[in-house]
There are 2 protein chains.
Amino acid sequence: MEESKHTTPSVDKDLDEETLFIVSQTFKALSDPTRIRILYLLSQKEYSVNEIAEKLSLGQSAVSHQLRFLKNLRLVKYRRAGTTLYYSHDDKHVMNILKQTIDHARHH
Amino acid sequence: MEESKHTTPSVDKDLDEETLFIVSQTFKALSDPTRIRILYLLSQKEYSVNEIAEKLSLGQSAVSHQLRFLKNLRLVKYRRAGTTLYYSHDDKHVMNILKQTIDHARHH
DNA sequence: AGCATATATGAAAATGTGTTCATATATTCA
DNA sequence: TGAATATATGAACACATTTTCATATATGCT
């Protein structure tokens, strides 16, 4: 009975492979400027693929590929309206972390 | 006078290049399993380069390269004791975000 | 100075990532 | 069904990242 009585969670346990994988994937999603810009846009409201491409001056294909990446991690979701897919964010925790880090970066 | 009266910071402003760069670099630091393991280790206490290499079964050179990466972003610092360098974390905000995300990943 | 130990560094190799291009699929409408 | 529009997909390319290997540098000790 020596360790972690009422200490902060996450310290003192070791990192199992699965946790490590999830954490690294999550941060990888946030490590690319294009994906950050997409998520930041989606933090405001839903947008279609073409709207995202236009707003950010990116190719339709590039946006689609990145959305698939984000979708696989369940960071975004979409709803269909005819042939148009409206994407929106789908992970409040991750969006919150992105927001925190943007604020932190801005405060210099 | 239409937007962002008392809304959350970081929304509604656009992302300037510099902020985008800092944010993406920060997350890139956290996106690699080796660096995550190093930072996680350093969240507990300071360790020398060789201690880190042994604890994590990594080559001395690989650890040194990653520490330089983290040092450039001012995420870690070191103190010298003879020929030994003891590294420790140096950014509470980033360590907090790492901790949050590990907890989040563990809760599935 | 010479030797031992701890760490850093540069280049090469192996692997991973992001964009583009061409094309496929899905939906709507006439 | 056929045309039009929106999005997805796969392959190829360019570029970036991570590790390894060999070697350099720094410090302390005798």
Side-chain angles (χ1 to χ4, degrees), chain A residues 15 17 20-42 46-90, chain B residues 15 17 20-42 46-90:
Chain A
L15 284 179
E17 269 306 315
L20 191 59
F21 181 74
I22 295 172
V23 171
S24 64
Q25 285 296 112
T26 302
F27 286 127
K28 193 163 299 174
L30 298 172
S31 72
D32 176 67
T34 299
R35 286 191 293 268
I36 294 174
R37 293 171 75 213
I38 291 174
L39 287 173
Y40 186 74
L41 201 60
L42 297 183
E46 63 175 17
Y47 284 98
S48 73
V49 177
N50 278 335
E51 286 172 339
I52 295 170
E54 285 166 29
K55 280 238 175 201
L56 304 183
S57 308
L58 298 168
Q60 176 268 320
S61 183
V63 172
S64 186
H65 280 297
Q66 298 296 10
L67 286 171
R68 178 168 56 175
F69 183 108
L70 296 171
K71 183 80 174 42
N72 286 339
L73 290 177
R74 298 176 196 280
L75 265 38
V76 302
K77 62 178 190 252
Y78 62 82
R79 73 178 173 87
R80 181 181 285 280
T83 67
T84 301
L85 302 184
Y86 288 98
Y87 278 84
S88 54
H89 62 85
D90 196 31
Chain B
L15 284 179
E17 269 305 315
L20 192 59
F21 181 74
I22 295 171
V23 171
S24 64
Q25 284 297 109
T26 302
F27 286 127
K28 191 164 300 173
L30 298 173
S31 72
D32 175 69
T34 298
R35 286 191 294 267
I36 294 174
R37 294 171 74 213
I38 291 174
L39 287 173
Y40 185 74
L41 201 59
L42 296 183
E46 63 175 15
Y47 285 97
S48 73
V49 177
N50 278 335
E51 286 172 339
I52 295 170
E54 283 166 29
K55 280 237 176 201
L56 305 182
S57 307
L58 298 168
Q60 175 269 321
S61 183
V63 172
S64 184
H65 279 298
Q66 296 297 10
L67 286 170
R68 178 168 58 175
F69 182 108
L70 295 170
K71 183 80 173 42
N72 286 338
L73 290 177
R74 297 175 198 279
L75 265 39
V76 301
K77 63 179 190 250
Y78 62 82
R79 74 177 174 87
R80 180 182 286 278
T83 67
T84 301
L85 303 184
Y86 289 99
Y87 278 84
S88 54
H89 62 85
D90 196 31

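Note that this is a predicted model, so its numbers are computed, not measured. Protein chains get the first letters and strands the later ones, always in sequence-line order, with residue 1 at the start of each.
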(message) For D:dA6 and A:Thr83 - does any side-chain N or O of the residue sit under 4.0 Å from the phosphate oxygens OP1/OP2?
(response) no

(request) Would you please determine if the base of C:dT9 is stacked by B:His65, with stacking meaning a centroid separation under 5.5 angstrom and planes under 30 degrees? (result) yes

(request) Ignoring the backbone of B:Tyr87, work out which of C:dT9, C:dA8, D:dT9 is nearest its side chain. (result) C:dA8

(request) Classify the side chain of A:Gln60 and the base of D:dA6 as holding, or not holding, a donor-acceptor pair under 3.5 Å. (result) no

(request) Can you figure out which of C:dT7, C:dT20, D:dT27 approaches the side chain of B:Asn50 most closely? (result) C:dT7

(request) Mind checking the CG-CG spacing from A:Leu42 to A:Leu67? Nearest 0.5 Å is all I need. (result) 7.0 Å

(message) Mind checking if B:Thr84 touches a base, just sugar-phosphate, or nothing, with heavy atoms under 4.0 Å?
(response) sugar-phosphate

(request) To the nearest 0.5 angstrom, please state how far the CG atom of B:Asp32 sits from the CZ atom of B:Arg37. (result) 10.0 Å

(request) Hey, could you give me the OG1/CZ distance between A:Thr84 and A:Arg79, rounded to the nearest 0.5 Å? (result) 9.5 Å

(request) Output the single nucleotide from C:dG18, D:dA26, D:dT18 whose closest atom is nearest the side chain of B:Phe69. (result) D:dT18

(message) If you only use heavy atoms from C-beta on, which nucleotide in D:dT19, C:dA26, D:dA8 is closest to the side chain of B:Ala62?
(response) D:dT19

(message) Is it the case that over 12 heavy atoms from other parts of the model lie below 6.0 angstrom from the CZ atom of B:Phe69?
(response) yes

(message) Counting only side-chain heavy atoms from C-beta out, which of D:dT9, D:dT18, C:dT7 sits nearest to B:Arg35?
(response) D:dT18

(request) Report yes if a side-chain nitrogen or oxygen of A:Gln66 is closer than 4.0 Å to either non-bridging phosphate oxygen (OP1 or OP2) of C:dT19; otherwise report no. (result) yes

